[in-house]
Amino acid sequence: MKSGNVSYGETLIEDIRKNKVFTVIISTDMGETSKKKIIDKCTYYKIPYYIILDKESLSKSVGKNNVSSIGIKSIGGAQKIQNILKGVN
């Protein structure tokens, strides 16, 4: 997935508010306060989210360090991920 199609960090919250992401992936070991904030935003804006992978694995998947959550900005990419993860949550 191209880097322009992924949002993370503080940009993720803004992109959720602006409806620029179609799926959010949250690491299993993310801090509870931050996790709740993202889950609440996703719920409010009706964006599907999945709590999978640890920070290290999620970070490797996007080629960055210390990433706790990502938002998929491509509708096609989001649909593919949702189809793959349907049985996980």
Side-chain angles (χ1 to χ4, degrees):
M1 187 164 300
K2 294 181 181 178
S3 63
N5 291 330
V6 177
S7 178
Y8 48 88
E10 286 301 314
T11 307
L12 175 58
I13 298 294
E14 284 300 313
D15 286 346
I16 291 171
R17 285 186 190 136
K18 294 177 182 177
N19 284 312
K20 289 185 175 182
V21 297
F22 298 99
T23 299
V24 173
I25 299 174
I26 302 168
S27 68
T28 55
D29 53 351
M30 182 178 202
E32 290 303 316
T33 304
S34 298
K35 187 184 296 185
K36 182 181 179 334
K37 182 178 180 180
I38 291 175
I39 290 171
D40 288 349
K41 292 286 180 211
C42 288
T43 302
Y44 181 80
Y45 291 100
K46 297 179 174 66
I47 297 170
Y49 65 90
Y50 300 89
I51 302 172
I52 58 168
L53 303 174
D54 58 18
K55 280 185 196 179
E56 184 179 345
S57 300
L58 188 58
S59 297
K60 284 181 183 178
S61 73
V62 294
K64 300 285 182 186
N65 292 322
N66 203 25
V67 174
S68 299
S69 56
I70 61 171
I72 310 302
K73 295 166 74 172
S74 156
I75 193 161
Q79 288 172 337
K80 286 179 185 177
I81 289 172
Q82 288 175 28
N83 288 337
I84 291 168
L85 297 178
K86 276 188 179 170
V88 174
N89 253 358

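Residue numbers count from 1 along this sequence. The analysis underlying the following values was restricted to heavy atoms, covering all of them including side chains, and did not include hydrogens, waters or symmetry mates.
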List in chain and number order the residues that pass side-chain contact (heavy atoms from CB on, under 4.5 Å) with T11, two or more places apart in sequence or in another chain; answer none if no residue qualifies. S7, D15

Which residue pairs satisfy the side-chain hydrogen bond (donor to acceptor under 3.5 Å, both in side chains) criterion with at least one member in residues 62-71, sequence neighbours excluded? Y8-K64

Set of side-chain contact (heavy atoms from CB on, under 4.5 Å) partners for S34, sequence neighbours left out: M30

Any side-chain heavy atom of L12 within less than 4.5 Å of one from I70? no

Side chain to side chain donor-acceptor pair (under 3.5 Å) partners of T23, counting only residues at least two apart: Q82

Atom pair OG (S57) and CD1 (I25), whose distance is rounded to the nearest 0.5 Å: 12.0 Å

Gap between atom NZ of K41 and atom NZ of K36 - 0.5 Å precision: 10.5 Å

For the pair K60 and E56, find out whether any cationic side-chain nitrogen is under 4.0 Å from an anionic carboxylate oxygen. yes

Atom pair CD1/OH of I16 and Y45 - distance to nearest 0.5 Å: 9.5 Å

Just verifying a value: how many Å separate I72 CD1 and I47 CD1, rounded to the nearest 0.5 Å? 11.5 Å

Search all heavy atoms of P48 against all heavy atoms of F22 and return the closest pair with its distance. CD-O, 3.3 Å

Only counting residues at least two apart or in another chain, list the ones meeting side chain to side chain donor-acceptor pair (under 3.5 Å) with E14. R17

Heavy-atom nearest pair, T28 first then K35, reads O-NZ, 3.4 Å

Without swapping roles, check the side chain of S27 against the backbone of L53 for a donor-acceptor pair under 3.5 Å. no

May I ask whether I75 and V24 are part of the same hydrophobic cluster, defined by side-chain heavy atoms of I, L, V, M, F, W, Y residues being less than 4.5 angstrom apart, directly or through others? no

Tell me, please, which residues at least two apart from T43 pass side chain to side chain donor-acceptor pair (under 3.5 Å). none

